[in-house]
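Here's the structure, in structure tokens; my notes come after.
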Amino acid sequence: MSRTATAWYLVASALNAVLMLLLVFVAMRLPYAHGDEKAIVEKLSIVRRVFLGLEEKPSKDRFLFLDTQYDLEFIDALDTDGFKLGQQTITNRSQLGRLVQVLNAYPDSTRFVLLDLFLLEEAGPQDSLLRAELPRAKNLVGTRLPGALDTRKPFIDYSTAPAYYEDIEGDFYKYGLIGPDNEPSFALIFYKNLSGNGFAHSPITITVNDQHYFKTFVPDFSIRAYDVLFAPYEKRYWYETLGNFVAQPDSALAAQAKGRIIVVGNFGPSDTHNTIYGDTPGVLILLNTVLALEAGEGGWGWIYLLFMFGCFMAISWQVLIPTEPTEKLEAWLAKRTRWYDRLSGIVRASLLELVTYPLQLVLVSVVSFVVFGVAVTILYLMYLLFLERQVIVWSARYKATRS
């Protein structure tokens, strides 16, 4: 190959690598998972946490989980015209109001409250305590529906942020840090309150504490449903029902909540989502996303970007060369080794598949997740490389027929 041809291939490979990077950024704006992508990340998470020893649980002394699924009350369900349809269940507002009242009476700058309740429907007189106390609550952030999906707001004016996570065919995979209307998600807002650090976002990335994130990312759960609900008692995080917890005297309740992150939400099946870590309450999805941001997990820097660019450039080089990489490898092995010709056809075919583009992209995604903790979508890259390869091969054959 001449120097001119080599230079052309280098430039073309670099440009194609940039195109592949841009396609990754586009794909990571979407909440979807494709093919076996989720299964790969699930297995790799086990490798990272178990075999590589990267499993590090947050301190149990930092959290208090309050379950609202057993503390419910009935209110009338009304249609859009105000006519009664029947009854519906909501979280017991008196108990919730008492919790907030005691926390307000015993202020603590190191205590934070994650309140995963939408509070869309008014219950009546039992809302009075909550109405009075919730707007005064410090270090408390509640969830609400994203404005782009539902314009309804909580009937009480207090600090809230939209929960941008959605099930795709019944499964949760990616968390959206920024909504379709460029509104910051609950995880970003709660992280800002928790750490005191701000964040910035551009059309393609979100920057949190010098770490860059795609618009959506896959949080690696450090606290799972098993740790809160099913682990042996000595290994379990502190879990109580809301009713049992607020039944204590004020001073005992305040002392137990001191300096903790109080996670309030429904841990039952009505708000459980299928994730790569099994069935997970929605409130734990929110918490783990916040903890991932706090730990810098799932974020990337320039070293990661250079790694991806280098890998994509090497793959692009192979795509642009008219001769199939598998054919070149087969010719080289046949010429340079004695053992290759002795292999069976199936073994030879499997060996040659090691240099195919899909497998190379899978290996890149494996390194991306295991080493850098960043899960990326690669399916669109496979489509791109396949189309480019067809153009290159067709062009080479066309030139051969013309010469």
| task | Test Leu293 against Leu177 for side-chain contact (heavy atoms from CB on, under 4.5 Å), laying out the working first. | result | CA-CA 10 Å; Leu293 293 175; Leu177 289 174; 4.2 Å; yes

As an exercise, state the distance from [atom1] of [X] to [atom2] of [Y], rounded to the nearest 0.5 Å.
X	Y	atom1	atom2	result
Leu114	Leu286	CG	CG	6.0 Å
Ser365	Gln360	OG	CD	12.0 Å
Ile178	Ile204	CD1	CD1	13.5 Å
Asp227	Lys235	CG	NZ	10.0 Å
Arg224	Leu229	CZ	CG	14.0 Å
Ile285	Phe186	CD1	CZ	13.0 Å

Taking C-beta and beyond as the side chain, do [X] and [Y] meet within less than 4.5 Å on heavy atoms?
X	Y	answer
Leu242	Thr91	yes
Tyr175	Ser185	yes
Leu117	Thr143	no
Phe217	Thr289	yes
Ile261	Leu64	no
Phe155	Arg131	yes
Asn197	Lys192	no
Gln95	Thr241	no

Check: [Y] main-chain N/O paired with [X] side-chain donor or acceptor under 3.5 Å:
X	Y	answer
Ser128	Pro125	yes
Lys57	Ser222	yes
Arg236	Ala231	yes
Asn193	Val141	no

| said: Quick one, Val218 with Tyr173, criterion side-chain contact (heavy atoms from CB on, under 4.5 Å). Give me CA distance, side-chain angles, the key distance, then yes/no. | reply: CA-CA 6 Å; Val218 182; Tyr173 181 60; 3.7 Å; yes

Just checking, is any N or O donor in the side chain of [X] or [Y] under 3.5 Å from an acceptor N or O on the other one?
X	Y	value
Gln211	Asn209	no
Lys174	Thr377	yes
Thr207	His212	yes
Asp220	Tyr277	yes
Thr68	Asp71	no
Asp250	Tyr106	no
Glu240	Gln256	no
Asn104	Glu133	yes

| said: One pair to check against side-chain contact (heavy atoms from CB on, under 4.5 Å): Asp116 and Asp271. What are the steps and the verdict? | reply: CA-CA 10 Å; Asp116 186 27; Asp271 189 28; 3.5 Å; yes

| message | Run Tyr191 and Val208 through side-chain contact (heavy atoms from CB on, under 4.5 Å) and show every step you take. | response | CA-CA 9 Å; Tyr191 168 79; Val208 179; 3.2 Å; yes

| Would you say Lys153 has more than 12 foreign heavy atoms packed within less than 6.0 Å of its NZ? |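 Counting other residues, nucleotides and ligands, NZ of Lys153 stays at 12 neighbours or fewer.
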
| Is the number of heavy atoms from other residues, nucleotides or ligands within 6.0 Å of CZ (Phe386) greater than 12? |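 12 or below, so no.
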
Enumerate, atom names and distances included, each donor-acceptor pair closer than 3.5 Å involving a side-chain atom of residues 11-31, sequence neighbours excluded.
residue	atom	partner	partner atom	Å
Ser13	OG	Tyr9	O	2.7
Ser13	OG	Trp317	N	3.4
Asn16	ND2	Ser316	OG	2.9
Asn16	ND2	Glu388	OE1	3.2
Arg29	NH1	Pro203	O	2.6

| Would you call the rings of Trp300 and Phe214 parallel, tilted or perpendicular if under 30° counts as parallel and over 60° as perpendicular? | tilted

Looking only at non-hydrogen atoms, find the nearest pair between [X] and [Y] and report the distance.
X	Y	answer
Leu129	Ser94	CD2-O, 4.3 Å
Leu253	Val246	CD1-CA, 3.6 Å
Val374	Gly299	CG2-O, 3.5 Å
Ile262	Ala257	CD1-CB, 3.6 Å

Exercise answer: donor-acceptor pairs, residues 302-314 side-chain atoms, under 3.5 Å, sequence neighbours excluded:
residue	atom	partner	partner atom	Å
Tyr304	OH	Ser368	OG	2.8

